[in-house]
Amino acid sequence: MIHRSSLVRSGRDDRALRRAAGRGELVRVAPGTYVSAPAWVAASPEERHAVVVRATVARTTSDIVVSHRSALAVHGFPLASPMPSRVHVVDRARSATKTTGLMVRHSAALADHEITELGGLRVVSPVRAASDVSRLESLRSSVMALDHGLRLGAFDRGALRAAVERAPRVGRRRALIALDLADALAESPGESLSRVVMVEIGVPLPELQREFWDRWGLIGRVDFWWPELGVVGEFDGLTKYLELARRSGRSFDQVKIDEKKREDRIRALPEVRGFARWDWATANDPSRLAAVLADAGVARGGR
């Protein structure tokens with residue numbers, strides 16, 4: 001995470017900072033604002049966008065509030081790729097939305113209770129940001145944000161539905177579809193993305209986080225389970241294994257060995273007839289995910 005205190009802003013002359021950027025010591029994140037290169041490399045895409053948000057908003061004196069996917073990044077939500085190319089804000093003084101090279105200034109009504117402050121930055125609340133994203137952005141972006149917010153308790157379905165119904169009608173149907181698909185049981189952005197792509201390719205939606213047991217006890221929970229087909233699905237991002245290693249104190253290699261043993265126990269169960277694993281690249285490619293699922297026994301069903 002790049003802390004805001006690590007931002008370096010130039011004065012009247014930033015030639016020294018530009019030279020440092022040329023040497024690869026700093027990264028320019030906004031005009032006149034830089035951050036150390038190691039911190040930038042170590043940060044996630046969402047963290048990088050949050051840094052760009054702070055650097056960009058600091059350059060304006062307007063009464064603006066960070067909004068949409070930019071607000072979700074500041075709140076620590078995962079975002080679907082690609083990251084926003086501009087910082088999104090609500091400017092209540094404007095009568096029409098204006099887009100510049102750095103910023104999208106949305107003209108929108110915004111109640112005071114929908115604004116919060118994070119580290120000196122005025123940001124719309126998670127429920128307002130999620131509502132706007134679900135109306136105006138892709139289903140992939142929407143479900144990823146809604147799953148995360150529901151799982152962490154940042155908002156509930158009732159509050160989100162109310163926010164959508166208060167908003168302009170544009171995109172409302174899209175938002176309600178995203179809300180119907182959202183599920184607090186999804187434990188990672190990759191699982192959220194996978195479910196949306198399953199809808200896109202027309203395969204039946206699975207149960208989430210199903211527990212499996214054998215005669216030795218609990219084997220564990222799987223990401224996806226199609227009980228009618230007897231198929232297990234697992235999303236395997238690198239982050240998942242790293243997090244398992246961090247929480248358990250095991251090495252990365254040991255986590256992978258243990259995961260293989262866990263899979264073997266699940267495959268041995270009589271109700272399991274197929275097992276599919278996929279990663280980010282496959283989840284982002286509908287044709288590849290369709291092929292992986294079909295090989296395991298989950299075929300397109302014309303949904």
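Under the salt bridge (Lys or Arg N to Asp or Glu O under 4.0 Å) criterion, R19 pairs with no residue at all, not counting sequence neighbours. Considering only residues two or more places apart in sequence or on other chains, R172 meets the salt bridge (Lys or Arg N to Asp or Glu O under 4.0 Å) condition with none of them. Residues meeting the side-chain contact (heavy atoms from CB on, under 4.5 Å) test with S194, sequence neighbours left out: M198, F224, F235, W278, A283. Under the side-chain contact (heavy atoms from CB on, under 4.5 Å) criterion, I177 pairs with L139, R173, not counting sequence neighbours. Scanning for salt bridge (Lys or Arg N to Asp or Glu O under 4.0 Å) contacts around D183 gives an empty result, with sequence neighbours left out. Checked against side-chain contact (heavy atoms from CB on, under 4.5 Å), D63 has the following partners two or more places apart in sequence or in another chain: R92, R122. With sequence neighbours left out, D132 forms a salt bridge (Lys or Arg N to Asp or Glu O under 4.0 Å) with R128, R135.
Within the 3.5 Å criterion, the main-chain N or O of T97 finds no donor-acceptor partner in the side chain of S107. One N or O on the side chain of W226 and one on the backbone of P204 form a donor-acceptor pair closer than 3.5 Å.
The hydrophobic clustering, which links ILVMFWY residues whose side-chain heavy atoms are closer than 4.5 Å, places V197 and V292 together.
Note on D180 versus R161: salt bridge recorded, some NZ/NE/NH1/NH2 to OD/OE distance being below 4.0 Å. Using a 4.0 Å cut-off between charged side-chain N and carboxylate O, R140 and E200 make a salt bridge. Under the 4.0 Å criterion applied to side-chain N and carboxylate O atoms, R262 and D258 are not assigned as salt-bridge partners.
Alongside V170, the hydrophobic cluster contains L136 (criterion: ILVMFWY side chains under 4.5 Å). Counting Ile, Leu, Val, Met, Phe, Trp and Tyr side chains that sit under 4.5 Å apart, directly or through other members, V164 shares a hydrophobic cluster with L176.
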field: CA sep, side-chain torsions, deciding dist, call: E263, R267, salt bridge (Lys or Arg N to Asp or Glu O under 4.0 Å)
entry: CA-CA 6 Å; E263 178 180 330; R267 284 181 178 272; 2.7 Å; yes
field: M103 vs K98, side chain to side chain contact (heavy atoms under 4.5 Å, CB included): CA-CA, chis, key distance, verdict
entry: CA-CA 8 Å; M103 189 178 292; K98 178 182 180 180; over 6 Å; no
- request: Report the C-alpha distance between D147 and R151 in whole Å, list the side-chain angles of each, state the deciding distance to 0.1 Å, and finish with yes or no for salt bridge (Lys or Arg N to Asp or Glu O under 4.0 Å).
  value: CA-CA 6 Å; D147 283 356; R151 183 173 70 255; over 6 Å; no
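Here the shortest heavy-atom pairing between R157 and L179 reads NH1-O, 2.6 Å.
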Ignoring hydrogens and angles, write down the donor-acceptor pairs under 3.5 Å from the side chains of residues 77-87, residues two or more places apart or on other chains.
residue : atom : partner : partner atom : Å
R86     : NE   : T100    : O            : 2.5

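Applying the side-chain hydrogen bond (donor to acceptor under 3.5 Å, both in side chains) definition to pairs two or more places apart or across chains, those involving residues 283-295 are T282-R288, D285-S287. Judged as a salt bridge (Lys or Arg N to Asp or Glu O under 4.0 Å), the pairs with a partner in residues 25-37 (not counting sequence neighbours) are, in order, R23-E25.
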